[in-house]
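Values below: all heavy atoms of this structure, side chains included; hydrogens, waters and symmetry mates excluded.
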Amino acid sequence: MQSITHLIGSVILAYGMLSGTPPVAIDWKRLTDVKFTRKLNSELSMYFLYPTFGPSVQALKGKQIQIRGYMIPVDEENNIYVISAKPMAMCFFCGGAGPESIIELQLKNRKQRFKTDDVRTVTGRLVLNPADVEHLNYILTGAELAD
């Protein structure tokens, strides 16, 4: 009996290694565990909001996540998109939400194109960006469509 249990455990472990860990499905509320401090960026002589990520966001750092939102093209020619909790008319760029409501997508398939406000579910590895003002605070690397 012990060898059967051991065999079943080995099969489950091997399956987990082959299939990878499934992404953690999150909603936008989870990303609101962040506080922002307005600070001067001396290189650019401009003020920016710098994040301090709370524990529930820190727990997602480096993990595969899945989130549903509105696709917003930033630079279609260079395949730069963000996914937003809100449609374009209400998104962070238009003043209707905070920086925690958008995620920079670094798409795995660089040839994909999306229309403004396409509702999609994406997966990718979450990178927390506390300091680089050239990128958003939340970044999904290796981002792919889940639907």
Across all chains, not counting sequence neighbours, the side-chain contact (heavy atoms from CB on, under 4.5 Å) partners of Arg120 are Met71, Phe114, Asp118, Leu145, Asp147
All heavy atoms of Gln66 vs all of Ala146, minimum pair found to be NE2-CB, 3.2 Å
Residues passing the side-chain hydrogen bond (donor to acceptor under 3.5 Å, both in side chains) test with Glu104, sequence neighbours excluded, are Gln106, His135
Taking every heavy atom of Ile83 against every heavy atom of Arg68, the minimum-distance pair comes out as CD1-C, 4.2 Å
Tyr70 meets the side-chain contact (heavy atoms from CB on, under 4.5 Å) criterion, sequence neighbours left out, with Pro87, Asp117, Val119
Practice problem: For the residue pair Leu136 and Asn129, establish whether any side-chain heavy-atom pair is separated by less than 4.5 Å. | Solution: no
For Ile139, the hydrophobic cluster (side chain heavy atoms closer than 4.5 Å, chained through members) also holds Val127
The side-chain hydrogen bond (donor to acceptor under 3.5 Å, both in side chains) partners of Asp132 (sequence neighbours excluded) come to none
| request: Determine whether Ile102 and Tyr138 make a side-chain contact, defined as any pair of heavy atoms from C-beta on separated by less than 4.5 Å. | output: no
So Ile67 and Thr121, do their side chains get closer than 4.5 Å, heavy atoms only?
no
Taken in chain and number order and not counting sequence neighbours, the residues that satisfy side-chain contact (heavy atoms from CB on, under 4.5 Å) with Lys29 are Asp27, Thr32
Check residues 39-47 and write down every donor-acceptor pair under 3.5 Å in which the side-chain atom is one partner and the other belongs to a residue at least two apart or another chain.
residue: Asn41; atom: OD1; partner: Glu43; partner atom: N; Å: 3.0
residue: Asn41; atom: OD1; partner: Leu44; partner atom: N; Å: 3.0
residue: Asn41; atom: ND2; partner: Tyr50; partner atom: OH; Å: 3.1

*Does Ile72 reach the side chain of Tyr81, with side-chain heavy atoms less than 4.5 Å apart?*
no
Those residues at least two apart in sequence (or on a different chain) that pass side-chain contact (heavy atoms from CB on, under 4.5 Å) with Thr116 are Pro73, Met88
Could you go through residues 51-63 and list every donor-acceptor pair under 3.5 Å that involves a side-chain atom there, pairing it with any protein atom two or more places apart or in another chain?
residue: Ser56; atom: OG; partner: Asp33; partner atom: OD2; Å: 2.8
residue: Lys63; atom: NZ; partner: Ala59; partner atom: O; Å: 3.0

In terms of heavy-atom contacts, Phe36 and Glu100 come closest through CE1-OE1, 3.5 Å
Heavy-atom check, side chain of Ile80 versus side chain of Leu107, under 4.5 Å: no
For Asp75, the side-chain hydrogen bond (donor to acceptor under 3.5 Å, both in side chains) test, sequence neighbours excluded, returns Asn78
Residues passing the salt bridge (Lys or Arg N to Asp or Glu O under 4.0 Å) test with Glu76, sequence neighbours excluded, are none
Item to complete: Test Ile103 against Leu31 for side-chain contact (heavy atoms from CB on, under 4.5 Å), laying out the working first.
Response: CA-CA 10 Å; Ile103 301 173; Leu31 296 178; 3.8 Å; yes
Going by heavy atoms in the side chains, are Val34 and Asn137 under 4.5 Å from each other? no
Self-check item: Residue pair Trp28 / Lys86, side-chain heavy-atom distance below 4.5 Å
Solution: no
Taking every heavy atom of Glu77 against every heavy atom of Arg113, the minimum-distance pair comes out as O-NH2, 4.2 Å
Query raised in the report: Are the side chains of Leu140 and Ile65 in touch, meaning some heavy atoms are under 4.5 Å apart?
Result: yes
NZ (Lys108) and OG1 (Thr123) are apart, to the nearest 0.5 Å, by 8.0 Å
Scanning both residues in full, the closest heavy-atom pair of Asn109 with Asn79 reads O-OD1, 4.0 Å
